[in-house]
Number of protein chains: 4
Amino acid sequence: MKKNKPKFKQIIDAAVEVIAENGYHSSQVSKIAKKAGVADGTIYLYFKNKEDILVSLFQEKMGQFIEKIEQETTSKQSAEQKLFTLIHTHFEQLSADHHLAIVTQLELRQSNKELRQKINLVLKRYLKVIDQIVEEGVEEKLFRTGLDRRLVRQMIFGTMDETVTNWVMKDQRYNIVDQAKEVHSLIIHGLAHNGQ
Amino acid sequence: MKKNKPKFKQIIDAAVEVIAENGYHSSQVSKIAKKAGVADGTIYLYFKNKEDILVSLFQEKMGQFIEKIEQETTSKQSAEQKLFTLIHTHFEQLSADHHLAIVTQLELRQSNKELRQKINLVLKRYLKVIDQIVEEGVEEKLFRTGLDRRLVRQMIFGTMDETVTNWVMKDQRYNIVDQAKEVHSLIIHGLAHNGQ
Amino acid sequence: MKKNKPKFKQIIDAAVEVIAENGYHSSQVSKIAKKAGVADGTIYLYFKNKEDILVSLFQEKMGQFIEKIEQETTSKQSAEQKLFTLIHTHFEQLSADHHLAIVTQLELRQSNKELRQKINLVLKRYLKVIDQIVEEGVEEKLFRTGLDRRLVRQMIFGTMDETVTNWVMKDQRYNIVDQAKEVHSLIIHGLAHNGQ
Amino acid sequence: MKKNKPKFKQIIDAAVEVIAENGYHSSQVSKIAKKAGVADGTIYLYFKNKEDILVSLFQEKMGQFIEKIEQETTSKQSAEQKLFTLIHTHFEQLSADHHLAIVTQLELRQSNKELRQKINLVLKRYLKVIDQIVEEGVEEKLFRTGLDRRLVRQMIFGTMDETVTNWVMKDQRYNIVDQAKEVHSLIIHGLAHNGQ
DNA sequence: TATGAATGAGTCTTCATTCAT
DNA sequence: CATGAATGAAGACTCATTCAT
C-alpha cells in the first residue's frame with residue numbers, strides 16, 4: 001500500500017466518480033478499474049479488498065477536508081468566528097466537489113456497520129475540532145456554561161449534516177454556502193428571541 | 001397486500017428483529033421467513049419483493065411513531081412545550097424499542113436511493129409536525145422572526161437524529177430520554193448566553 | 001375425473017384461451033383457474049396435475065377434430081376426393097378456432113418429451129385415417145404402387161402441419177383454407193410435370 | 001462473446017450433449033458448465049444468458065449444417081439432382097450426429113416464441129436454398145409452372161422435418177439416409193401414377 | 001364438492017477475488 | 001508490477017400442489 005503512488009489516487013478518484021454516478025450498489029470493482037484505466041487485478045495490488053477502497057477513499061478525501069477546516073479555523077480569533085468558518089468551509093468544500101458530496105452524504109451510508117465504524121474513526125478528528133471550538137467558546141464566555149459537550153457536538157454536526165444531505169437530495173439545486181450564516185446563527189442563538 | 005392480516009405484522013416484526021440482529025446485508029428473505037414462522041413463499045403473498053418488506057416496515061413503524069408524536073404534542077399548550085414533547089417522545093419511543101432504533105438509525109440507511117426516497121415520503125409527515133410547531137412558536141413570539149423554516153427543521157431533525165444515531169452506535173449504553181431537556185434547550189437557546 | 005361434468009370442459013376451454021393468449025410458459029394453473037372461474041384447488045378435482053390438463057385438452061379438442069375429419073371423408077367416393085376433404089377440413093377447423101390453432105401448432109410443442117408422446121398417441125388415430133386413404137388410393141390404382149406408407153403419411157402430415165404452422169406464425173394473416181386445393185395437388189402430383 | 005475462443009465451442013458442445021441426454025427442461029446451466037468442464041460463471045463470459053446458449057447453439061450448428069448443404073447442392077447439375085442432394089445431405093448430417101438430431105427435432109422446439117423466432121431467422125437461409133432449387137427446376141421445365149413457391153417450400157421442408165422427427169422419436173432405430181431416394185421421389189412425383 | 005392460503009423445492013445470475021502468465 | 005480470464009458461493013423469487021375448512 002504505497003499511498004504516494006499515482007495509481008493509488010487514480011483508483012480512489014475513479015471510485016468517487018463511479019460511485020457518485022452509479023450509486024454504491026452498482027459500483028463494481030471492475031467498473032472502478034475500468035474508469036481508473038487499470039486491470040481488475042491491479043486494484044488488489046493497492047487495496048486489500050473492495051471495502052478498503054471505500055475506507056481509503058474516505059480517509060484520503062476526509063483527511064483533506066478536515067485539514068482544510070483546521071487551517072481555516074485556527075487563523076480566526078474568536079470561537080464565534082471559528083464556528084462560522086467551520087460551517088462555511090464545510091459547505092464550501094462539499095459544494096465544490098459534487099461527486100464527493102453525493103458519495104459522503106448518500107452512497108457511503110449504504111455500507112455496513114463495520115465500514116461505518118471505520119468511517120467514524122476518521123470523523124473523530126473532525127469532531128475534536130468542533131469540541132475545541134466549543135471549549136474555546138465557553139472559555140471566552142461566549143457560550144453558556146454547563147453545556148453537555150457531546151450534545152452540543154451532535155447539534156452542530158447533526159445540523160450541518162442534515163443540511164448538506166437535504167441539499168444533495170434536492171439535487172444540489174440551490175447554493176448551500178449561502179446558508180452558512182443562518183446555520184451559524186441558529187446554532188449560536190437557537191430559536192428563541194435574542195433578548196430572552 | 002392484505003395489511004390487516006396478522007401475518008403481515010408477523011413478518012414485519014420478524015424483519016425488524018432479523019435486521020437488528022444480523023444487519024441489513026445479512027438479512028436474507030429466508031431468515032426473515034424462518035423467524036416469522038412462515039415459508040419463504042408466504043412472504044410473497046404479503047409483500048411484492050424484499051424491498052417492499054422494508055418500505056412497509058418503515059411505513060408501519062414510523063406511522064405509529066409519528067402518530068404518537070402527533071397525539072402527544074397537540075395536547076400541549078405552548079410551542080415550547082410541544083417541541084419538548086416532540087423531542088421527548090421521539091427519544092422515548094426509540095428507547096423503548098431497541099431493535100427498531102437500530103433498524104431506523106443504522107440499517108435502513110444502507111438501502112438504495114429509491115428506497116430512501118420512499119422513506120423520505122413517510123418522513124414528510126413528521127417534518128410537517130415540526131414545521132407547524134415552529135410556525136406556532138413564531139406566532140407566539142417565542143421564536144425569532146425571519147427564521148428560515150427549512151434550516152430550522154433541519155437543525156431540529158438533524159440534532160435529534162444525530163443524537164439518536166450516536167446513542168445507538170454507542171450500543172445504547174446510556175439513557176437517551178434524559179437528554180431530551182438539554183437537547184430542547186440547545187435548540188431553543190442555541191449556544192449563546194441567555195442574556196445576549 | 002368425470003369428463004361429462006361441465007367444469008371439466010370449462011377448465012379445458014379456459015386453458016386453451018389462457019395458453020393462446022399468454023403462451024405456454026406464462027400459463028400458470030392459477031391463471032387457468034381464474035379464467036375458468038374456479039378456485040385453484042378445484043382444478044385438482046378434475047385433473048391429476050398440470051400436464052393432465054394439457055393431455056386432456058389435446059384429447060378433447062383433437063378427438064373432435066379427428067372425428068369431424070372422419071365424418072367428412074367417409075362420405076366421399078374416391079381417395080382423391082377423400083384426401084382433398086381431409087386437407088380442407090384440417091385447414092378449415094384450425095382456421096375456425098384461432099386459439100386452438102396457436103395452441104396446437106406452437107404452444108403445445110413446448111412441452112416435454114413425455115407429454116409429446118401422449119399427444120402422439122392421440123394423433124395415431126388421425127394418422128390411421130391418412131393411411132387408409134392412401135391404401136384406398138393404391139387400390140383404386142390412383143396412386144403409385146410400391147409407395148412407402150410411412151413416408152407418404154409423413155409427406156401428407158408434414159406438409160399440412162408445416163403449412164398451418166407457417167400460417168399461424170405469420171399471425172394468420174391470409175386465408176389458409178384457400179390453399180387446400182394447391183396443397184392437395186402438390187401431394188398428388190408432386191413437383192413434376194403432369195405429362196412426365 | 002468471443003466466438004473464436006475454444007471455450008465458446010466447448011460450452012456449445014456440452015449444451016448439445018446435456019440437452020440431448022436430459023431434455024431441455026432438465027438442462028440447468030450448472031449441468032452444462034460441469035459437462036463443459038468450466039465454472040458456472042464462465043458460461044456468462046461467453047453467453048449473455050441461458051437462452052443465448054441455445055440461440056448460439058442453433059446458429060453455430062445450423063450454420064454448418066446449411067453450409068454443407070449449400071456446398072453439396074451447388075456442385076450438382078440439375079434441379080432434380082440438387083433436390084436429391086439436399087434431402088440426402090439433410091438426412092445424412094442429422095444421422096451422423098444423433099445428439100444434434102434430438103436437440104433440433106425435439107428439445108429446441110420447447111423454447112418460447114421469442115427464441116423460436118430467432119431460430120426461424122437462421123432457418124431462412126436454408127429455405128432460400130430450397131426456393132432457389134425450385135426456381136431452377138421451373139426454369140429447367142422439370143417442375144410444373146404455376147407452383148405456389150411458399151407451399152412447395154412447405155411441402156419439401158415439412159416432409160423432411162416430419163420424416164426426421166419421426167425417426168428421432170422412434171429412437172433412430174432405422175437408417176434414415178436410405179429414405180432419401182423415396183422422399184425425393186414423393187416430392188418430385190407426388191402420389192399419382194407417373195403416367196397420369 | 002369447493003376453496004384459497006400456505007408451502008418449499010428449484011435455478012439463474014452476479015461479482016469480489018485469485019493466480020498463471 | 002500488471003493483467004484479465006476464470007472462479008464459485010450465495011440468494012431472491014416462482015408456482016405447482018396440498019389440505020384444513
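Below, chain A is the first sequence line, B the second, and so on; all start at residue 1.
Across F/dA9, F/dT3, F/dA16, the shortest atom-to-atom separation from the side chain of C/V29 is found for F/dA16. Which of F/dA12, E/dT17, E/dC15 sits closest to the side chain of A/Q28 comes down to E/dC15.
Of all nucleotides present, only F/dA2 satisfies the Watson-Crick or G-U wobble test against E/dT21, with each distance under 3.5 Å.
Between F/dA2 and A/Y46, a contact under 4.0 Å exists linking OP1 or OP2 to a side-chain N or O. A close approach under 4.0 Å does occur between a side-chain nitrogen or oxygen of A/K7 and OP1 or OP2 of F/dA2. Contact check, C/S30 against F/dC15: no side-chain N or O comes under 4.0 Å of OP1 or OP2.
Ranked by how close their nearest DNA chain E nucleotide is to the 5' end, C/V38 and D/K50 are led by C/V38. Checking C/E51 against B/E51, the closest nucleotide of DNA chain F that is more toward the 5' end is the one next to B/E51. Each of D/N49 and C/G37 has a nearest nucleotide on DNA chain E; the 5'-most of these lies closest to C/G37. Positionally, the nearest nucleotide of DNA chain F for D/T42 lies more toward the 5' end than for the other of B/G41 and D/T42.
B/F8 and B/E60 make their closest contact through CE2-OE1, 3.9 Å (heavy atoms, listed as atom of the first residue, atom of the second, distance).
A/L57 contributes atom CG, which lies 10.5 Å from atom CE of A/M62 (distance to the nearest 0.5 angstrom).
The CZ atom of B/F8 sits 18 Å away from the C1' atom of E/dA6 (whole-angstrom rounding). When the P atom of F/dA2 is taken as reference, atom NZ of A/K34 falls 20 Å away, rounded to whole Å. Distance, B/I11 CD1 to E/dA5 C1': 12 Å, rounded to whole Å. Across the protein-nucleic acid pair, D/H25 atom NE2 and E/dG10 atom P stand 16 Å apart, rounded to whole Å. Rounded to whole Å, atom P of E/dT1 lies 15 Å from atom CD1 of C/I43. In this structure, C/I32 atom CD1 and F/dT17 atom C1' are separated by 14 Å, rounded to whole Å. Separating the CD1 atom of C/I53 from the P atom of F/dA16 is a distance of 9 Å, rounded to the nearest angstrom. A straight line from NZ of A/K48 to C1' of E/dT17 spans 14 Å, rounded to a whole angstrom.
At a threshold of 4.0 Å, the pair D/K31-D/E21 does not count as salt-bridged, since none of the basic side-chain nitrogens sits closer than that to a carboxylate oxygen.
With C1' as the reference atom, F/dT21 and E/dT1 are 13 Å apart, rounded to whole Å.
In this structure, B/K7 is not positioned above the aromatic face of B/F47 in the sense of NZ or CZ being under 6.0 Å from the six-membered ring centre and within 45° of the axis.
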**OP:** Please lay out, stage by stage, how D/K61 and D/V103 fare under the test side chain to side chain contact (heavy atoms under 4.5 Å, CB included).
**Re:** CA-CA 11 Å; D/K61 295 296 181 185; D/V103 171; over 6 Å; no

